[in-house]
Number of protein chains: 2
Amino acid sequence: MKATIYDIAREAGVSIATVSQVINGKGKISEERRNEIMEIMERLNYQPSVIAAALAGKKTYTLGLLVPDISNPFFAEIARAVEDRGHQLGYSLVICSTDNKDERVERYLTLLQQKSIDGMIIGTGMDNKEILNPLVEKQIPIAMIARELPEQAVHTVVVDDYIGGKLAGKHLLQLGHSRFAVLAEQAKVRSSRERVRGFREALAEAGQELPERRVLHCDFVVEDGKRRTLELLAQADRPTALFCCNDLLAIGALQAVKELGLRVPQDLSVIGFDNTILASVTDPPLTTVAQPMEEMGTMAVDLLIQELKKEQPQPKQRTVLRPELIIRQSTGVPGQQ
Amino acid sequence: MKATIYDIAREAGVSIATVSQVINGKGKISEERRNEIMEIMERLNYQPSVIAAALAGKKTYTLGLLVPDISNPFFAEIARAVEDRGHQLGYSLVICSTDNKDERVERYLTLLQQKSIDGMIIGTGMDNKEILNPLVEKQIPIAMIARELPEQAVHTVVVDDYIGGKLAGKHLLQLGHSRFAVLAEQAKVRSSRERVRGFREALAEAGQELPERRVLHCDFVVEDGKRRTLELLAQADRPTALFCCNDLLAIGALQAVKELGLRVPQDLSVIGFDNTILASVTDPPLTTVAQPMEEMGTMAVDLLIQELKKEQPQPKQRTVLRPELIIRQSTGVPGQQ
DNA sequence: TTGAAAGCGTTACCAT
DNA sequence: ATGGTAACGCTTTCAA
């Protein structure tokens, strides 16, 4: 069997309390005792049980990460950043892909609670804003990442979606476009709405309008981006510029244009959002609004850990990072050969 | 405070033993008692502590997944499949990105053990084949995925790398190529070695040779693929066909070709491995050898769960899935315009 | 500086 | 059909 604290204590001829002290570096233990005990732990290959420690009042040193889909490159990169920072600080990461379904969110939430994880990072949207209520009441540390939920008092790390949309709009305007369309995520996704709002505002400031029918809502998958773009391009007065609320949709758009034998950016300029690895490998490489995924992950973890270190609830922070326009080759002057 | 089994018992006027029974659906409890207790649990919003149950001898219902890098699309897709299958069966997933470093592997391994996870799925290579010894001895259920370790008795789910390499070689041969090169992963990665061996064998069967100097070893990142391809194309007698041991390297190759003002496939045919989402969005779309990632993930989980359900150690299975050549547009007849 | 003992929230065995 | 209780492995007072 695995060695327990009792085995160590017996071997060392001391009490388990003493062993516990040296494990946690607490109390006053004589140098020699301490060394002797450490040596025995080494020899018996003793590994303290996190489970038992947690039950006795310590933490589980485990964090939960809720995202729509871990196989989506954007969230995969976020996850990596979160994992790394957590690992540095001694925490493990449980991943939960929600597919943006409230039902899955709730299942994962109760599951994580039953497992007594120390805190959760939430990067998935929810239809029902009250889903988090129970957690907030129980004071379970929460940090939102890449999504926000203003109706809850939780730490938040987001990119300024509004500005991101604006950056996209201005870029397209500057290239001389005048017929725009948008591929948005589902209406319930606030960040998507903000991006569209920023985009529309940029156009408005230039006296241009974005008709509602030119804003198409998609599921978070390539195929849907393609399908909707095909619809868009079938319209008589088709747009010359398309703003997609994430890179995946933009890729779908690229595929649709190709399928119709048209060209990007000559026939349609396409701009994405996120700047995942995908944006750099498309044909043509995708102009996109970059989110600083690594910083976001790191900051969310830091916020969370800082919260659960203190006993007192901390004042909730909302950190807004600035997105950056990455110009590649999927945008250009309309109609140019 | 959170409700415990004692609260429920007190409220229902029964013993905790009885409550435990109804939670686990064991023993004989009268219909009425059972309903009454369930109703109270509902009302008090009782959530049994997995931690406590685990300490008392049950499982933690948590699995560990070790991969080189969760932000790598191949592993992200594997992770999603593993997560889904695990979740269906009631298990959570802790992800661990190892960067292919033994040191990180070991840290994660002890961490996961201390947390008493029920089993681990390992998709990362290791220099030291003995790293797993302690786990195997402790009978901790293990399933290898996409990597193998024949020196250990563990469940394994892999694609036939040798055949995959051969498929790639044959395809290139058939197109009429005669000067080949390979971008391999680090020499310690067995699957990569097997792919190269299969590739070489295909050439040999056609009386062609693959000189050792034409096999370049890379780190698992786009940049390295690019760098090495640049080197390759600088050689006098440069290859017309390049087999890359994963899609990421192939993308690097594509970038290198572009940077030199050359074209794919006219100047260089490129073939990848994995068939991640990346392969479908590159310019040109990448011909690649597909691994059935979803099936692999599902099978690995099933193997693991089946193992940890039984008390007795099970006979270890090795499942080899057949890779499939996906022909897109990055391969063609050499020199063709 | 060290030890005894009371929990932590369950499970499971043995009584009743 | 139900209850009492030891055990799981550890932390943490409180005494000594």
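Order of the sequence lines sets the chain letters (A, B, ...), proteins ahead of strands, with each chain counted from 1. All values derive from a computational prediction rather than experimental measurement.
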Bend angle of the helix from C:dT1-D:dA16 to C:dT16-D:dA1 from five-pair axes at both ends, rounded to 10°?
40°
Just by distance, do the side chain of [X] and the backbone of [Y] share a donor-acceptor pair under 3.5 Å?
X: B:Q152; Y: B:V136; result: no
X: B:K310; Y: B:L308; result: no
X: B:T60; Y: B:S116; result: yes
X: B:S97; Y: B:I70; result: yes
X: A:T98; Y: A:V105; result: no

Which letter, B, S or -, goes with each nucleotide of nucleotides 6-16 of chain C from 5' to 3', with contact meaning a protein heavy atom under 4.0 Å?
-BBBBBB----
Tell me: [atom1] of [X] to [atom2] of [N], nearest whole Å?
X: A:K59; N: D:dT12; atom1: NZ; atom2: C1'; value: 15 Å
X: B:E36; N: D:dA1; atom1: CD; atom2: C1'; value: 14 Å
X: A:E31; N: C:dT2; atom1: CD; atom2: P; value: 11 Å
X: B:Q114; N: D:dT11; atom1: CD; atom2: P; value: 11 Å
X: A:R34; N: C:dT2; atom1: CZ; atom2: C1'; value: 13 Å

Are any of the side-chain nitrogens in [X] or [Y] under 4.0 Å away from the carboxylate oxygens of its partner?
X: A:E103; Y: A:R107; value: no
X: B:R80; Y: A:D99; value: yes
X: A:E36; Y: A:R33; value: yes

Parallel, tilted or perpendicular for B:Y108 and A:H87, by the 30°/60° rule?
parallel
What's A:V14 touching, base or sugar-phosphate or nothing? Going by heavy atoms closer than 4.0 Å.
sugar-phosphate
Taking only side-chain N and O atoms of A:S15, does any of them lie within less than 4.0 angstrom of OP1 or OP2 on C:dA4?
no
Phosphate oxygens OP1/OP2 of C:dT1: is one of them under 4.0 Å from a side-chain N or O of A:R33?
no
